[in-house]
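Structure first, then comments.
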Number of protein chains: 2
Amino acid sequence: MMALPPTIAWSGTARDGHLELLDQTCLPQRVEVLRIGDVESLVAAIRRLSVRGAPAIGVAAAYGVVLGVRDAANGDAFHELLRSAGDALIAARPTAVNLPWAVRRMQAAGTHAASLDALLDEARAIHEEDRALCRAMGEAGAPLVREGATVLTHCNTGRLATAGDGTALAVLFEAWRRGTRFRVLADETRPLLQGARLTALELAAEGIPVDVIADGAAAGLIARGEVDLVLVGADRVAGNGDAANKVGTYGLALACHAHGVPMYVVAPTTTFDLGLEDGSMIPIEERDPAEVLTLGGSGIEIPEVGARNPAFDVTPGCLLAGIVTDRGIIRPVDADAVRSMIGG
Amino acid sequence: MMALPPTIAWSGTARDGHLELLDQTCLPQRVEVLRIGDVESLVAAIRRLSVRGAPAIGVAAAYGVVLGVRDAANGDAFHELLRSAGDALIAARPTAVNLPWAVRRMQAAGTHAASLDALLDEARAIHEEDRALCRAMGEAGAPLVREGATVLTHCNTGRLATAGDGTALAVLFEAWRRGTRFRVLADETRPLLQGARLTALELAAEGIPVDVIADGAAAGLIARGEVDLVLVGADRVAGNGDAANKVGTYGLALACHAHGVPMYVVAPTTTFDLGLEDGSMIPIEERDPAEVLTLGGSGIEIPEVGARNPAFDVTPGCLLAGIVTDRGIIRPVDADAVRSMIGG
């Protein structure tokens, strides 16, 4: 997005610098950049979704480990902080596996060399690698988008969700760059409207035609033949290809399956959790009911009315036409295909 | 709802009275009653959903015919206004069949006897009959609700949607009166939040435990076994049992079907349109994109971002466990069963 600051940036040295996060809770109304100097602030920013999207959370957490250990007075304190800061970051949100993946990689780097500069280098490497993963996913997936197609997507999976072009949106950006012309239906993605606020913003900035729809409208439009392709991201993919993604994804998959519309998850290798046999083992975050009971800042709360707010759901791999990864497309989706593309 | 004025009431004589509508666009924040004295005001109120719900629209339109003809200077003018006021009312919204049904019944009454008092009597009869239909649906459906069940519902189908206890909610109110204890998950129902604003209000007023959920959360909760029964209303039911209802209903039906959760449409005989062979013939209203692009009064509009806003979708009868009517439960749902319960 041309007019926006970077989603995530490190400014300054490892010892004196800070993490800059574009505050996604304010978009599209206001562009505000958070200056994050300690782990507690970063945990709070991750929890309230100032930074969100599985890959972006991983990158932010990598820098968070630098923030967490830099006040260590000696080597013992360094290793103690490496552990405790990592634990605090991992506990910020449970579903996206990129978060523990990035933290554990940082902890391994810090164990190998108890050096702040080495840790910042490792975080920068994770950041740069994520950009490359986005590029590779975009290239692998772009041929799926046909000229004149209507592509439906859910939540935000673009430059605001990653360090690069995105996951599902990277596919769309790459297809657009190659000259394919298509239009997008963006699920608004209640309760926090990442589709209406963020995806619509990113696509419009590139000149890609986009219409926002209520999440409940997708199945009917799919039934009426108005959708040719569905591309979504993921927060964690189990060993058999079951994928946890923003709540509402599973319903899309059922509608696609009922009407023969191909639906792909687009996710980098860092989002796979091969230690989990299937999606039932993925922890699903339940968020504050207030997110559902308030809308755009105007409370609609009625005394004695509660809310349930699961942030994710799990789509069985067997409902997917494929999973687009940085290494190519897994299809059909099953444990063998996942293992041969990602495992080992 | 104890504290609320009636959804629809006629006040005064046929010649000098007016229609009172509880303005549902303001709930739950403000209780405002609209005083409607002419057809144009009623058409506008129906269009902006100040009165909504298929049966309530029908009742309001019946009174609207009285408003439309009462300035007739002579018999010819009476019949001309009977036609033109009816046309204007029917054109207000295309999907709910109760609207043309009620208008045509009023037109037949006016053709039979060109008397304002007779027309008001007919409107009052439609109003009173709808109350009785609600009672009968509640009684037919109440045994479906099991002790301890979690019942999911969509949009608003209660006292605010009808002249009586409702359609799907009438079943819940009657089960509750019989002593069955259960809890409700209410889809918030974007874009206009009839679930979060109206259904939650109605259930809470009766002491029935209710949690609001984002529409996209329903499929995942159904998959996790957290829903035992789904009850929804309808705006028009075709001859084979295909049912148009508030957008998002079809996705619920797919999730219920995938997980063996029984889903019932609850609709009075006045909502059946036996002239339509199947649901593909039901006109689906597409409403103003601004409803999707604004949230609770706070605009999230981004230049060059549009919206699609179909207000309804169609659920094939074959996905339903049954249709609860004022005459009993149609099940399984097919053209023969509909004809034997409703037709003839």
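Order of the sequence lines fixes the chain letters, A, B, ..., with proteins taken first and strands second; residue numbering starts at 1 for each chain.
Only the side chain of B/Asp313 comes within less than 4.5 Å of a heavy atom in chain A; its backbone stays farther off. When heavy atoms are compared at a cutoff of 4.5 Å, B/Ala258 approaches chain A solely by way of its side chain, counted from C-beta outward.
Annotation for B/Glu32: atom CD counts as buried by contact number, over 12 foreign heavy atoms lying within 6.0 Å. Shown here is B/Glu286, whose CD atom has more than 12 heavy atoms of other residues, nucleotides or ligands within 6.0 Å. Counting non-hydrogen atoms of neighbouring residues, nucleotides and ligands closer than 6.0 angstrom, the CD atom of A/Glu304 reaches no more than 12 such neighbours.
Comparing B/Val247, B/Leu203, B/Asn309, B/Asp211 by heavy-atom pairs within less than 4.5 Å of chain A, the highest count is held by B/Asp211. The choice from B/Val210, B/Asp187, B/Leu185, B/Thr249 that makes the most heavy-atom pairs within less than 4.5 Å of chain A is B/Val210. Among the candidates B/Gly216, B/Gly248, B/Ala219, B/Gly306, the residue making the largest number of heavy-atom pairs closer than 4.5 Å to chain A is B/Gly306. Between chain B and the options A/Ala214, A/Gly207, A/Pro209, heavy-atom pairs under 4.5 Å are most frequent for A/Ala214. Chosen from B/Leu27, B/Asp215, B/Leu254, the residue pairing most often with chain A at heavy-atom distances under 4.5 Å is B/Leu254.
Atoms CD1 and CG, on B/Ile284 and A/Leu221 in that order, are 10.5 Å from each other to the nearest 0.5 Å. Separating the CZ atom in A/Arg190 from the OG1 atom in B/Thr189 is a distance of 11.0 Å, to the nearest 0.5 Å.
Taking 4.5 Å as the limit, every side-chain heavy atom of A/Glu188 sits out of range of all side-chain heavy atoms of B/Pro191.
In terms of heavy atoms, A/Tyr250 sits closest to B/Ala223 at CE2-CB, 3.6 Å.
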